Amino acid sequence: MRVVIVGGVAGGASAAARLRRLDEQAEIIVCERGAHPSFANCGMPYYIGGVIPQREKLLVAPLALLQNRFRLDVRTRTEVVSIDRTERTVAVRNLESGEETTLAYDRLILAPGAVPLRPPIPGIDSPGIYSLRDLNDADRLQAVAQSGAAVVIVGGGFIGVELAENFVERGLNVTLVELADQILAPWDREMTAPLAAKLREKGVELVLGASAESFAAHSEKAGIRVQLNNGQSIDCDFVTLCIGVRPENQLAKAAGLAIGPRGGIRTNVNMQTDDPLIYAVGDAVEVVEFVSGQPTQIPLAGPANRQGRIAADHIAGRDSTFRGTQGTSVVGAFGMTAAMTGLSEKVLQRLGYDYQKVYVHPAHHAGYYPGSTPMTLKLLFEPKSGKLWGAQGVGQLGVDKRIDVLAMAVQAGMSVYDLEEAELCYAPQYGSAKDPVNMLGFVAAGVARDDHPVVNVSQLEETPFADAFLLDVRTPAEFAAGHLPGAVNIPVDELRGRLSELPQQQSIIAYCKVGQRGYIATRILKQHGFSVHNLSGGYTTWCMFRA
């Protein structure tokens, strides 16, 4: 059997190596347009920034390894230009010589990846405007980063944030322009606020709610002037476009294969297209979002690798299926980490799902052990059953660990009640006896049981909470340092003796710094007949919404 694979990197290279492990006799041909069949594209920003000093470290599976260890016929600088489904052949062009040949296949795997978006903005094809897709792009950006003084990054997604950090480390003045009112669009806005604050602290100028309108050569010196749609213009030495990617689907589209509305190649659970002899994997594929079951486009390396393995399994006769992706993601900059899994609040709203949310702000390990740092975790769940919809986290340390645990819980269909009972490893330098994951479970399950009703910051100006009595149960010193407008301060330890100061006929919203004392106050007041809600996440969450 001859299997032709179009593209390497994560999906294609994984499929090739897996298929060889399953079938020693198969003829496996990998056609890769670039010079390297498998490289760590997620590591490219850190090569540009000098964190990874050796380019060779990015070569995950060098050509010689694929040839010698796996006996693969790897043809670099080779482009598949068309598919003849009737004849079961592909037209192949050697990019060095220009020679075209025809290659027959028994099975075909498409792994062309995705290409950076380059919208039709005036001047976008001018010299000094770069995208980042392969190692050649990384080489060019590394060179200009070492010689330039100022850069404008257009787009505040994963790559934009990572490049901002690495350009700062190179000593550049960095401006990041993002059309949305937040960085990292998949996250809910408030959960990006601490990372945005860290970027600003490190000297990155964030221009949110604006987009590039045109690019032009600077009239007085070498460089580029970026004109924004808000009237602002920025001069820089070079521009990096990180606007997003689109599936590279031209080959599949020309062959008549089914394409989804967002451009992804449609596949079944075995990664077969609507032609059962042709498979597709990686960033070019339309995927199913695991929690909602909705089709989506989420270009991530982990799912691409799994899809490559599944396609190889199915070709080798194994019943292997792709269960979908829940978008589990992590990004870091300047010692801060943001991570998420499952559905965000904005997606739940768009889909019309019923949901509840809670926030906690625990330390990443026991507070009495030196070096503990705070994090913020947000949990989204179905109010009645407690089933988990998704989770997000931001902080310095331990965020990835908690989101990984929550990702498994989402995948297993668990509920907030399961999080209460989760048994996680504990020693003071690693966590707490009540891990942050447990704390999320305790808080969320308490809300689901109506033990402590909560109100969220986004509801404060809505009926019936707009006219509520705001009760700050922190210390007078904390209250003096900052509080919600109109709040009255009664410390929680004095609350039982001062109940007469509270309105019996008015709803009360209690809050503290992170929610724990507010919870205690809510339990006290509820048992004394007051109508009371705890502000989830307390004053800390309120500040995140206002950032």
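Everything numeric in this text was worked out from a predicted model, so none of it was measured. All values below come from the heavy atoms of this structure, side chains included, with hydrogens, waters and symmetry mates left out.
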Query - Any side-chain donor near an acceptor of the partner, Asn229 and Ser211, under 3.5 Å - result: yes
Query - Of Asn41, Leu141, Leu241, the residue whose pairing with Leu132 passes side chain to side chain contact (heavy atoms under 4.5 Å, CB included) - result: Leu141
Query raised in the report: Quick one: NZ on Lys387 to CG on Asp418, what's the gap to the nearest 0.5 Å?
Result: 12.0 Å
Query raised in the report: Should Arg246 and Asp283 count as an ion pair when the cut-off is N to O under 4.0 Å?
Result: no
**Report entry** Step-by-step side-chain hydrogen bond (donor to acceptor under 3.5 Å, both in side chains) determination, Tyr511 to Asp472
**Finding:** CA-CA 5 Å; Tyr511 75 90; Asp472 189 315; 2.6 Å; yes
Query raised in the report: Ring centroid separation for Tyr430 and His365, is it under 6.0 angstrom?
Result: no
Query raised in the report: Would a line drawn from the ring center of Phe290 to the ring center of Trp389 be shorter than 6.0 Å?
Result: no
Requested in this report: Taking atom types as modelled, find out whether Glu420 and Asn438 have a side-chain donor-acceptor pair closer than 3.5 angstrom.
Outcome: no
Query raised in the report: Using a distance-only test with no angle check, is there a side-chain donor-acceptor pair under 3.5 angstrom linking Ser531 and Lys526?
Result: no
Query raised in the report: Quick one: does Arg133's side chain have a donor or acceptor within less than 3.5 Å of a partner on Ala114's backbone?
Result: yes
Query raised in the report: Is the Phe381-Tyr353 ring centre distance short of 6.0 angstrom?
Result: no
**Report entry** Matching residue for Asp188 among Gln182, Gln392, Lys346 - test: side chain to side chain donor-acceptor pair (under 3.5 Å)
**Finding:** Gln392
**Report entry** Aromatic contact, Trp542 with Phe545 (centres under 6.0 Å)
**Finding:** no
Query - Ionic contact status for Arg402 with Asp435, cut-off 4.0 Å - result: yes
Query - Ser131 side chain to Arg118 side chain, donor-acceptor N/O pair below 3.5 angstrom - result: yes
Report summary line: Val168 and Lys202 have their tightest heavy-atom pair at CG1-O, 3.8 Å
Query - Neighbour count >12 (heavy atoms, 6.0 Å) for atom CZ, Arg449 - result: yes
Query raised in the report: Which pair of heavy atoms, one from Leu184 and one from Val161, lies closest together, and at what distance?
Result: CD2-CG2, 4.0 Å
Requested in this report: Specify the closest pair of heavy atoms between Ala333 and Leu199, including all atoms of both residues, with the distance to one decimal.
Outcome: CB-CD2, 4.3 Å
Query raised in the report: Between Ala338 and Leu195, which heavy-atom pair has the shortest distance, and what is it?
Result: CB-CD2, 4.3 Å
Report task. Check whether any side-chain N or O of Asn534 sits under 3.5 Å from a backbone N or O of Val454 as a donor-acceptor pair, and report yes or no. Result -> no
Query - 4.5 Å side-chain heavy-atom contact, Leu484 and Leu460 - result: yes
Query - Any side-chain donor near an acceptor of the partner, Glu382 and Tyr355, under 3.5 Å - result: no
Query - Modelled atom types, side-chain donor and acceptor of Thr376 and His361, under 3.5 Å - result: yes
Query raised in the report: Side chains of Glu478 and Tyr539: donor-acceptor distance under 3.5 Å anywhere?
Result: no
Query raised in the report: Side chains of His364 and Ser432: do they bring a donor and an acceptor to under 3.5 Å?
Result: no
Requested in this report: Over all heavy atoms of both residues, which pair between Thr328 and Thr341 is shortest? Give the atoms and the distance, please.
Outcome: OG1-OG1, 2.7 Å
